[in-house]
Amino acid sequence: MNDFAEKIRTQHLSPLWNVMASLITPQPKSDCRAHLWKFDDIRPALMEAGEIISAKEAVRRVLILENPGMAGQSKITTSLYAGLQLVLPGEIAPAHRHSQSAVRFVLEGSGAHTTVDGERTMMEPGDFIITPPWAWHDHGNGSDKPMIWLDGLDIPIVQFFDASFVEDLGLDEQEIQRQPGTLNATYGEGLLPVDNRASGLTSPIFNYPYKKSRAALRALMDNGDIDEWNAFKMHYSNPLNGGYAMATMATFLSMIPKGFESRPYRSTDATVFVCVEGSGSTTINGEEFHWSPRDIFVVPSWSTVVHKANETSVLFSYSDRVVQEKLGIWRQEKM
Ligand code: GTQ
């Protein structure tokens, strides 16, 4: 057998029966590990990065959240990237575009901005902001305080497909083509242009302000039936089709009432969570992680999860669920 495998290796052939069991596993097997980053513990490193390199020099001054099971791979899960981006007062992160799309979730500061394909939006804590694939984007901070947000990108997905392109605009900032708030006013009020020609792959709304998202969850909580696994959970939606807001990353916001303990669940989409408000803990395959505002934690695929809230809490999360659903491979078990 070994001689045979050795012999055919020179012809770039390999016997399936030696590797079958590790390729097609009875359950998901991943190097991805559960982990929690306490914001207060990692913030000093980010501020130190602010002293040694400017946003312009770095292009993007970001500290990558690396999954401890995949060190050196710039991944938080097998398919997703996460990083903390710092823009100091007066700084600009210059305009560029790339195949990868980005989720921004604002953690600290107020009054910085990002410009995406000709429209500028201000960034406030809890806002969920989208950079679609191949959209020009630059960031700036005109406030007098540091701005910190979580970047979630589909870098590993694009890497897997060998489909990465990037282009620099050659200017710090792109030209602004519309008034701030134009896209939200056009697409975010229950109306659509009759001859809408936007592709629908990504939501035309690129800032989902926390104030509005929180009010939606609050209304759901005050009037809806609680889900024993998710408490009150919504996905950000694309007004063109009601689907997820982005093509590669599904994004969610959940409100968990004080004292709630979820029943256990598991799903095939490894998920990155951010605590927005409140405090509590999440037990992942028996290991308990305590969170409070701005903490970030990651749940690997098919790990059993139980959430507990000490106070009424809000969690933001993102995963590749939208891709897995399209491919027909997403699974969930609510126990
Ligand atoms: O803001 O454009 O965290 O291009 C990584 C790559 C952020 C960005 C990241 C990027 C960006």
Side-chain angles (χ1 to χ4, degrees), residues 37 39 42-43 45-50 52-67 70 72-88 91-109 112-124 127-142 146-161 163-174 202 206-208 245-249 251 272 274 294 296 298 316-320:
W37 288 263
F39 183 78
I42 59 176
R43 190 183 183 280
L46 193 56
M47 296 315 289
E48 194 178 333
I52 62 172
I53 194 163
S54 70
K56 188 166 173 171
E57 197 184 348
V59 183
R60 296 296 184 261
R61 189 204 289 113
V62 175
L63 295 184
I64 303 169
L65 302 179
E66 284 206 330
N67 190 285
M70 299 184 288
Q73 295 184 43
S74 309
K75 295 173 175 186
I76 190 160
T77 71
T78 307
S79 63
L80 297 171
Y81 159 104
L84 287 185
Q85 181 156 176
L86 169 68
V87 184
L88 290 168
E91 284 193 316
I92 280 167
H96 72 176
R97 62 178 176 178
H98 38 67
S99 317
Q100 293 80 359
S101 36
V103 163
R104 324 271 175 203
F105 194 78
V106 182
L107 299 178
E108 183 189 311
H113 59 263
T114 183
T115 308
V116 178
D117 264 349
E119 188 172 316
R120 177 168 286 187
T121 191
M122 302 309 283
M123 305 174 87
E124 299 301 324
D127 290 359
F128 157 55
I129 295 162
I130 295 173
T131 308
W134 211 240
W136 292 112
H137 55 286
D138 48 85
H139 319 302
N141 184 355
M147 278 301 291
I148 300 174
W149 63 79
L150 178 76
D151 281 324
L153 280 86
D154 53 8
I155 290 172
I157 296 177
V158 175
Q159 197 170 47
F160 175 79
F161 289 113
S164 175
F165 293 90
V166 64
E167 200 177 341
D168 288 319
L169 184 60
L171 297 169
D172 280 354
E173 296 185 295
Q174 66 188 287
T202 306
F206 76 107
N207 187 346
Y208 292 74
M246 305 172 74
T248 54
M249 291 180 280
T251 50
V272 180
V274 182
R294 295 179 288 278
I296 297 148
V298 57
F316 170 82
S317 59
Y318 70 98
S319 78
D320 63 14

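Each ligand, and each atom within it, is numbered from 1 in the order the structure gives. Starting from 1, each residue takes its place in the sequence as its number.
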For Gln85, the atoms of ligand 1 under 4.0 Å from one of its heavy atoms are 1 (O), 7 (C)
Go through ligand 1 atom by atom and flag the ones less than 4.0 Å from a non-hydrogen atom of Leu153. 3 (O), 6 (C), 9 (C)
Tyr81 heavy atoms, cut-off 4.0 Å: which ligand 1 atoms fall inside? 3 (O), 5 (C), 9 (C)
Numbered atoms and elements of ligand 1 in range of His139, under 4.0 angstrom, heavy atoms: 1 (O), 8 (C)
With atoms numbered from 1 as shown, which atoms in ligand 1 lie under 4.0 angstrom from a non-hydrogen atom of Arg60? 1 (O), 2 (O), 8 (C), 10 (C), 11 (C)
Do we see a donor-acceptor contact under 3.5 Å between the side chains of Gln159 and Ser164? no
With heavy-atom distances below 4.0 Å as the criterion, list the atoms of ligand 1 near Val62. 3 (O)
Would you please test Trp136 and Asp138 for side chain to side chain donor-acceptor pair (under 3.5 Å) and show each step? CA-CA 7 Å; Trp136 292 112; Asp138 48 85; over 6 Å; no
In the structure I gave you, are the side-chain heavy atoms of Asp127 and Thr121 within less than 4.5 Å of one another anywhere? no
Could you check whether any side-chain heavy atom of Arg43 comes within less than 4.5 Å of a side-chain heavy atom of Glu108, counting everything from C-beta outward? yes
Ring centres under 6.0 angstrom apart (His137, His96): yes
Applying the side-chain contact (heavy atoms from CB on, under 4.5 Å) test to Phe39, which of Leu150, Leu46, Ile148 qualifies? Ile148
So for Arg61 against ligand 1, with non-hydrogen atoms under 4.0 Å, the contacting part is neither
Under 4.0 Å, heavy-atom basis, I'd like to know which part of Val59 is in contact with ligand 1: side chain, backbone, both or neither. neither
If we number the atoms of ligand 1 from 1 as shown, the ones under 4.0 Å from a heavy atom of His98 are 2 (O), 4 (O), 10 (C)
